[in-house]
J.: 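One structure follows; several queries about it will come next.
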Protein chains: 2
Amino acid sequence: MTARDRVLDAYESLLIEVGPAAATLDAVSSSAGVSKGGLLYHFPSKEALVTGLLERLRRRGLEDAARMREAEDGAVATWLRGSAPPLESTSGLSRTYVAALRIAGGDEASELARAVFAEIDEGWFAALRDELGDPARARLVQLVGDGLYLAAVTGAEDAGPVPVDDLLAALAPVLGRSTPSSPDVSDRD
Amino acid sequence: MTARDRVLDAYESLLIEVGPAAATLDAVSSSAGVSKGGLLYHFPSKEALVTGLLERLRRRGLEDAARMREAEDGAVATWLRGSAPPLESTSGLSRTYVAALRIAGGDEASELARAVFAEIDEGWFAALRDELGDPARARLVQLVGDGLYLAAVTGAEDAGPVPVDDLLAALAPVLGRSTPSSPDVSDRD
DNA sequence: GTCTATAGATGGATAGAC
DNA sequence: GTCTATCCATCTATAGAC
């Protein structure tokens with residue numbers, strides 16, 4: 001793994017575990033196993049570090065939206081399941097998303113953050129809309145997933161594993177009879 | 001208005017508008033129209049300021065849950081409407097909630113923040129559950145509102161006014177026939 | 001109760017060796 | 001490409017006048 005990625009991983013971890021205030025260049029560099037000077041070679045400023053995180057978020061977010069469209073059990077279930085992130089075990093998008101939420105509205109880079117959030121949210125919304133057929137229900141499902149993400153911000157992880165199945169059951173009247181076992185998806189590779 | 005409240009108002013505004021990093025004691029005090037020393041008389045430390053904000057959040061949150069139960073158009077509609085906060089015009093709970101979201105997971109006080117969020121979320125959940133009858137649908141509705149709050153974190157305010165009516169319409173199959181025009185609420189003053 | 005002035009600590013960033 | 005050492009700005013908090 002490249003040093004650049006190790007730095008971003010460490011930055012994410014610190015943002016999630018100790019918060020933005022304690023995610024200093026010193027803390028990030030030592031956590032990543034490089035010196036402060038070494039970090040600043042890869043990211044010439046703290047803003048560059050933030051930008052690097054947001055670029056990673058954008059790439060992973062767009063990839064995720066594409067993956068949702070091809071998921072076996074449908075975009076809706078994939079969306080809700082992915083929105084209830086077990087942050088410890090995940091090393092991918094969920095972690096990056098929650099880390100980025102921590103710095104959203106924090107610094108100068110918030111304009112870029114806003115744009116990236118808007119772009120990937122649009123990608124997710126489009127995937128849900130294309131599966132559900134209409135924008136209103138797509139927006140509804142998206143908001144449920146967003147609500148799950150908010151729990152990561154408020155720190156309500158002690159609420160136990162999120163009952164995604166219960167949510168899908170409660171949503172059933174809205175989703176119609178498009179249960180996960182619908183066989184109308186051609187199997188492509 | 002007491003100086004203490006003016007300080008908290010200024011702190012909220014700075015958290016929302018410029019973020020936690022720039023919400024320094026200098027900025028808060030000058031924005032509130034007092035000196036730094038004056039601020040530190042009312043709040044002996046920055047942590048005390050954070051605690052003061054969280055106490056205000058707790059009080060307003062519990063009041064809001066009580067108000068939801070008595071609302072004319074029902075707890076669900078009140079919840080969704082209140083979760084789509086026009087931050088500029090509101091001076092009450094929504095503003096405090098979003099401000100607190102900005103510092104959640106930031107400092108040492110995050111343990112208290114977590115507890116306060118959990119408490120008021122429980123109050124909202126109970127109000128929705130008592131109106132809807134079962135916890136699964138209550139949780140679903142609550143998550144939709146939480147999703148609207150997440151937009152305040154990601155900064156997606158340019159998405160236009162949130163179509164609460166569209167959400168209620170899309171949720172109708174879940175909510176059953178408990179339309180807002182139910183006349184079973186006695187008018188008290 | 002509110003102010004000014006200042007101490008003490010820490011963060012971001014630069015310079016330059018290796 | 002990575003390191004150490006250092007500078008400078010800024011933030012929290014204290015001391016003490018009014």
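Residue numbers start from 1 in every chain, and the chains themselves are labelled A, B, ... in the order their sequence lines are given, proteins ahead of strands.
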J.: Side chains of R56(A) and T96(A): donor-acceptor distance under 3.5 Å anywhere?
T.: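 No - no donor-acceptor pair under 3.5 Å links their side chains.
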J.: Can you tabulate the close N/O pairs, meaning under 3.5 Å, that link protein atoms to atoms of nucleotides 10-12 of chain D?
T.:
| from | atom 1 | to | atom 2 | distance (Å) |
| --- | --- | --- | --- | --- |
| dT12(D) | OP1 | K46(B) | NZ | 2.8 |
| dT12(D) | OP2 | L25(B) | N | 3.0 |

J.: Specify the separation, in whole Å, of atom CZ of F43(A) and atom P of dT14(C).
T.: 16 Å
J.: Find which nucleotide of DNA chain C each of P44(A) and S35(B) is nearest to by heavy atoms, and output the residue with the more 5' nucleotide.
T.: S35(B)
J.: Should the pair R6(B)-D9(B) be classified as a salt bridge under the 4.0 Å nitrogen-to-oxygen rule?
T.: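 No, no charged N to carboxylate O under 4.0 Å.
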J.: Mind jotting down which residue pairs meet the ring-ring contact (aromatic ring centres under 6.0 Å, His included) criterion with at least one end in residues 38-84 of chain B? Sequence neighbours excluded, please.
T.: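 Residue pairs with at least one partner in residues 38-84 of chain B: W79(B)-W124(B).
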J.: Give me, pair by pair, the N or O atoms of the protein and of nucleotides 15-18 of chain C that are less than 3.5 Å apart, along with how far apart they are.
T.:
none

J.: Determine the contact category for L39(A): base if any of its heavy atoms lies under 4.0 Å from a base atom, sugar-phosphate if only primed atoms, P, OP1 or OP2 are that close, otherwise nothing.
T.: nothing
J.: Determine which pairs satisfy ring-ring contact (aromatic ring centres under 6.0 Å, His included) with at least one residue from residues 2-34 of chain B, sequence neighbours left out, and list them in order.
T.: none
J.: Tell me: CG of L40(A) to C1' of dT6(D), nearest whole Å?
T.: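 Going from L40(A) (CG) to dT6(D) (C1'), I get 14 Å.
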J.: Quick one: Y41(A) OH to dG1(D) P, roughly how many Å, whole number?
T.: 4 Å
J.: Only counting residues at least two apart or in another chain, list the ones meeting side-chain hydrogen bond (donor to acceptor under 3.5 Å, both in side chains) with S13(B).
T.: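 Here the qualifying residues are R95(B).
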J.: Look at E131(A) together with R69(A) and state whether they make a salt bridge at an N to O cut-off of under 4.0 Å.
T.: no
J.: Between P on dG1(C) and CZ on R6(B), what's the gap in Å once rounded to a whole number?
T.: 14 Å
J.: Ion pair present between E55(B) and R59(B), side-chain N to carboxylate O less than 4.0 angstrom?
T.: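 Judged by the 4.0 Å cut-off on N to carboxylate O distance, E55(B) and R59(B) do not form a salt bridge.
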J.: Measure the distance from NE2 on H42(A) to C1' on dG1(D) and round it to the nearest whole Å.
T.: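 So the NE2-C1' distance, H42(A) to dG1(D), works out to 7 Å.
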J.: Quick one: list whatever passes salt bridge (charged side-chain N to carboxylate O under 4.0 Å, His left out) with D166(A), sequence neighbours left out.
T.: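 In terms of salt bridge (charged side-chain N to carboxylate O under 4.0 Å, His left out), with neighbours along the sequence ignored, D166(A) is linked to no residue.
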